[in-house]
Amino acid sequence: MAEAKGGGEVAIVGVTKRFGPTVAVESLDLVVPHGSYCCLLGPSGCGKTTILRMIAGHETPTSGDIRIGGTSVLGLPQVQRGTAMMFQSYALFPHRSVLDNVAFALKMRGAGTAERHAKARELLAKVQLDKFADRLPAQLSGGQQQRVALARALITNPRVLLLDEPLSALDEYLRLRMRGELRRVQKELGITFIHVTHTQLEAIAVADTVVVMAQGHIEQAASARDIYVAPRNAYVARFIGGQNVLGGAVESVLDGTAAVTADNGSRFAFQVGDGRPPRGARLYGSIRRDRIAIEKLLPGAKPPSGLNTVVGEVHTIENQGSYVKVTLDLAGETEEFVANVADDKFFANALEIGDRVVARWSASDVKLLDAGPLAHDPAAAGAAMAGGR
Amino acid sequence: MAMTDQAADAALAPAAPAHEHEAIEPAGERASWLQVSPLVLVLLLFFGLPMVVVFVVSFFDFERTSIVPAFILDNYIDLFRSEVTLRLYASSLKFAAIVWLVTLVLGFNIAYFLVFHVDSLLVKIGLFLLCTVPFLTSNIIRMISWIPFLGRNGIFNQALMGAGITSQPLEFLLFSDFAVVVAYVHLFTLFMVVPIFNSMARIDPSLLEAARDAGAGRFRVVYEIVLPLSRTGIALGSIFVVTLVMGDSFIVRTMSGGQSASVVSALQNEVAALQYPPAAASAVIMVVIVTLMVAGILRLVDVRKELAR
């Protein structure tokens with residue numbers, strides 16, 4: 001409990017974790033600075049929960065080191081790590097009152113009844129649940145249970161709080177409220193939060209740093225803003241959403257702009273800066289969905305050709321309130337292509353499913369992506385975090 | 001067929017709109033009574049009725065070979081006056097207590113191992129089947145096979161002497177209270193394992209991790225989390241074991257070589273001597289005592305509430 005307020009920096013150094021023949025995490029490096037909110041984001045099975053469990057000490061890395069506050073915690077029991085974990089299903093003890101649930105960790109540390117109950121009541125008051133201290137967890141709603149779990153995790157004054165999909169059991173309304181709450185608590189306590197989720201918007205909403213993972217390695221670690229506006233590669237762009245991924249072979253390069261031809265014949269312009277990609281090299285770029293203008297193609301009109309123009313058929317239309325999500329089927333292209341059209345613009349000239357439309361964008365809005373997965377680059381993660389805050 | 005149709009209607013009832021709900025509710029209740037009626041009938045006919053007959057007969061008088069309808073309390077008075085009754089109950093209760101304790105410790109540990117240490121379902125089922133092996137032979141063969149194992153020159157004694165642990169055969173192994181307890185434990189541990197396994201299997205493993213995360217050691221986790229959450233299973237297993245031991249006469253007689261007897265074996269003797277009214281009286285007392293024991297267990301653990309969880 002006397003753990004210094006500092007020293008909540010979590011460093012994962014070359015950690016590999018195998019379960020039998022399967023590799024869950026492969027030589028992964030990540031530094032989460034003290035007092036920051038970090039989200040591990042990825043599809044199920046990408047190793048994000050395994051990382052969390054290794055930090056908590058519920059799993060042991062096959063190789064590599066985990067350091068908290070600069071010292072290795074491998075082999076240390078949970079108590080000495082200064083971590084606390086919040087479980088996906090909350091894991092509240094069903095046979096104990098809310099008060100005893102919150103006070104449990106203090107009981108394990110040998111605190112007297114009066115002392116631990118006083119501390120537990122104080123924490124319950126913080127999450128506005130002091131009225132429910134004597135109830136059983138099953139008598140509380142999902143959101144209340146979640147707050148009990150948070151209080152229980154915080155009672156030992158951990159330097160690192162580990163959250164395993166903390167919001168996935170809540171309904172949409174509570175999820176949005178609780179994620180704001182988590183962020184507020186983190187800022188207030190100033191401790192390190194590591195939060196595992198598979199929901200992109202949740203990660204972007206709460207985190208200082210978002211770590212996008214795939215199959216046991218990091219694809220990109222960057223500030224929430226960067227991850228959204230500047231995904232590093234096609235995987236991240238597709239996973240975060242909000243982007244269309246364009247790809248094709250280089251035709252020519254002129255004044256820092258490469259002309260690229262996709263497999264279906266569409267042609268794009270990518271700004272490559274000082275890079276000089278050879279002719280025929282494959283380049284990928286991303287374009288934000290809300291930077292695409294679409295326009296109905298009149299029947300019989302000759303489809304326009306030219307850079308940064310694609311022609312497609314409207315596949316689905318979803319009204320999202322402030323904008324309308326229009327999915328296009330592009331001829332000879334399997335990748336989803338979506339335009340988010342501002343509601344006023346859309347309804348000024350509404351489209352129907354099956355309409356042929358032409359979509360255009362400006363070359364300066366296209367972000368060049370790395371072709372393959374990133375090489376392991378711990379420095380990048382740290383730098384991105386520093387920049388993000 | 002009509003019954004199943006009604007049952008199906010009853011099952012659909014909760015989905016009906018709210019205003020129709022009240023009209024359908026009594027029908028649903030009737031259907032559920034219909035569903036339990038076969039069991040009620042069987043119980044009434046083959047359990048309730050004989051119990052009533054036994055109760056009535058316990059007040060009858062008897063002569064050498066016949067029972068005489070009457071209302072006398074002599075059977076009960078004799079029973080309570082007899083020192084033998086007290087001794088028999090003391091012995092049966094002693095066995096019940098020892099066997100309960102041993103099967104509880106064994107059953108809890110076996111169930112814990114099966115639930116939390118065996119990952120593969122196939123292995124779990126295999127080990128479970130292993131627990132049922134004692135039931136694959138008949139009572140008599142099982143009892144007889146203890147003799148070459150526990151006897152004076154049996155395998156166990158020879159192994160002990162061969163290993164130099166004892167210099168002469170242990171006499172108390174067979175035809176003794178020890179042998180009775182061994183046979184009970186051998187048979188009844190399964191009845192402890194199954195219900196405890198059932199309640200343990202419903203414990204979310206993340207609870208154990210949460211407890212460890214809060215700083216609980218291995219034994220603390222068992223004491224604080226696993227044990228309280230296995231209460232239902234422990235209660236049900238205890239009911240099985242206690243009633244089985246209290247109701248036994250065969251094992252105690254065979255394994256003790258006739259040196260020990262149980263309440264039920266005394267009762268059997270009376271039946272064999274055609275003294276039905278006193279036998280009925282001791283049966284009634286037996287039922288009352290076992291019922292009180294079960295009620296006591298159920299008072300400690302609200303099985304209904306926990307099963308509904």
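Below, chains carry the letters A, B, ... as their sequence lines are ordered, and counting in each starts from 1. The figures here come from the full heavy-atom set of this structure, side chains too, leaving out hydrogens, waters and symmetry mates.
The closest side-chain heavy-atom distance from P94(A) to D204(B) is not below 4.5 Å.
There is no contact between L162(A) and chain B, counting heavy-atom distances below 4.5 Å. Only the side chain of F87(A) comes within less than 4.5 Å of a heavy atom in chain B; its backbone stays farther off.
Under the 3.5 Å distance criterion, the side-chain polar atoms of H95(A) are matched with a main-chain donor or acceptor of E224(B). Side chain of R109(A) to main chain of A214(B): a donor-acceptor pair is present (N/O by atom type, distance under 3.5 Å, no hydrogens or angles). A donor-acceptor contact shorter than 3.5 Å links the side chain of D213(B) to the backbone of M85(A).
Surrounding CG of L292(B) are more than 12 heavy atoms belonging to other residues, nucleotides or ligands, all under 6.0 Å away. No more than 12 heavy atoms of other residues, nucleotides or ligands shown are found within 6.0 angstrom of OH on Y223(B). Enclosure of atom CD in Q215(A) is not indicated, since only 12 or fewer non-hydrogen atoms of other residues, nucleotides or ligands lie within 6.0 angstrom. The environment of CZ in F240(B) is sparse: at most 12 heavy-atom neighbours from other residues, nucleotides or ligands sit within 6.0 Å.
Taking CZ from R212(B) and CD from Q78(A), the interatomic distance works out to 7.0 Å, rounded to the nearest 0.5 Å. The CZ atom of F93(A) sits 4.0 Å away from the CD1 atom of I225(B) when rounded to the nearest 0.5 Å.
If you tally non-hydrogen atom pairs under 4.5 Å between each of L92(A), T83(A), D164(A) and chain B, the highest count goes to L92(A).
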* side-chain contact (heavy atoms from CB on, under 4.5 Å) evaluation trace for K107(A) with R220(B) -> CA-CA 11 Å; K107(A) 186 179 180 190; R220(B) 210 72 201 271; 4.2 Å; yes
